[in-house]
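Each remark here refers to the structure printed beneath this line.
All heavy atoms count here, side chains included; hydrogens, waters and symmetry mates do not. Owing to the predicted nature of the structure, the values given are computational and were not obtained by experimental measurement.
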Amino acid sequence: MVKKLKKQYETPNEGWNEERMDREEELMEDYGLKNKKEIYKAQSQLRSFRRQARKLVAEEDEEAKQEVIDRVNNLGLIRENAGLEALLTLKVTDILDRRIQSAVERKGYADTPKHARQLVVHGHIYIDGERVNTPGYLLTQEEEQLLEERIPETPDEEETEEEPEEVEEEDAESEDKEEAEENDTEQEQEENE
């Protein structure tokens, strides 16, 4: 029996809002997103952080507050000594900036957000030696330091590099043959004299 997965994001309530749709189009262009679902996932995650912060502000459980702050700080969304109020000021762009796709572009591995997405999807991006091919993966601060790009050399480049060596070897062999022939002709001339 296949387990039915729960939807991990909420879609907007209103059907048509031109201002919202224009803003979503800008975000898709700026961050190289595939579709609006990725924006809705980021918004849902942001709502979850805010919901937790609002709930914990009213409570006196310092341990739970610190746990949430540490988790969000680990993602690089707020400073270490920030309070829960900082969570309430986060924007959806803060979440989108922590995606591995954005980090790849920020590190200079790609020229555009779409190029960064292609590098991630094609499996050229590694975190501490492990391949990550999900562009929406949220990086921790530690993981961002371990981010690296590995692009294998194309076969055409290897072949073009090897070809000149073969030509040099052939040239060396032909030079040896010519020298041997010259030596033979000189010996024959000496014998004839």
Hey, quick one: are Leu46 and Val57 part of the same hydrophobic cluster, counting side-chain heavy atoms closer than 4.5 Å, chains of contacts allowed? yes
**Asked** Are Leu90 and Tyr31 linked, directly or through other ILVMFWY residues, by side chains that come within less than 4.5 angstrom of each other?
**Response** yes
The reported gap from CD1 in Ile125 to CD1 in Ile127 (rounded to nearest 0.5 angstrom) is 9.0 Å
key: Test log, rule side-chain contact (heavy atoms from CB on, under 4.5 Å), inputs Glu105 and His115   = CA-CA 8 Å; Glu105 186 194 4; His115 182 213; over 6 Å; no
Charged N to carboxylate O below 4.0 Å: is that the case for Glu62 and Lys65? yes
Exercise. Evaluate salt bridge (Lys or Arg N to Asp or Glu O under 4.0 Å) for Arg20 paired with Glu14, printing each intermediate quantity in order.
Key: CA-CA 10 Å; Arg20 174 184 55 82; Glu14 69 261 9; 3.3 Å; yes
### Message
Are Glu149 and Lys107 packed together at the side-chain level, in the sense that at least one heavy-atom pair is separated by less than 4.5 angstrom?
### Response
no
Residues Ile95 and Ala42: closest non-hydrogen pair is CG2-CB, 3.8 Å
Across all chains, not counting sequence neighbours, the salt bridge (Lys or Arg N to Asp or Glu O under 4.0 Å) partners of Arg54 are none
Query raised in the report: Between Leu119 and Tyr109, does a side-chain contact (heavy atoms from CB on, under 4.5 Å) hold up when you go through it step by step?
Result: CA-CA 9 Å; Leu119 287 175; Tyr109 298 141; 4.3 Å; yes
Note: with side-chain heavy atoms under 4.5 Å as the link, the other cluster members for Val121 come out as none
query = Within 45° of the axis and under 6.0 Å from the centre of the six-membered ring of Tyr40, does NZ or CZ of Lys36 qualify?
reply = no
Ser44 and Gln8 have their tightest heavy-atom pair at CB-O, 4.2 Å
Task: Evaluation steps, side-chain contact (heavy atoms from CB on, under 4.5 Å), between Asn133 and His122 - done: CA-CA 7 Å; Asn133 59 3; His122 288 199; over 6 Å; no
*Find out if a path of hydrophobic residues (ILVMFWY) with successive side-chain heavy-atom gaps under 4.5 Å connects Leu138 to Leu96.*
yes
Rounded to the nearest 0.5 angstrom, the CD-CZ distance for Glu10 and Arg47 is 4.5 Å
Cluster question for you: counting only ILVMFWY and a side-chain heavy-atom cut-off of under 4.5 Å, with indirect links fine, are Met28 and Trp16 together? no
Task: Donor on one side chain, acceptor on other, Glu143 and Tyr137, under 3.5 Å - done: yes
In terms of heavy-atom contacts, Gly123 and Arg131 come closest through O-NE, 3.2 Å
Between Arg150 and Tyr126, a side-chain donor and acceptor under 3.5 Å:
no
Give every donor-acceptor pair under 3.5 Å between a side-chain atom in residues 67-80 and any protein atom, sequence neighbours left out.
{"unit_1": "Asp70", "atom_1": "OD1", "unit_2": "Gln66", "atom_2": "NE2", "d": "2.9"}
{"unit_1": "Arg71", "atom_1": "NH2", "unit_2": "Gln52", "atom_2": "OE1", "d": "2.9"}

Between the CZ atom in Arg50 and the OG1 atom in Thr89, the distance rounded to the nearest 0.5 Å is 8.0 Å
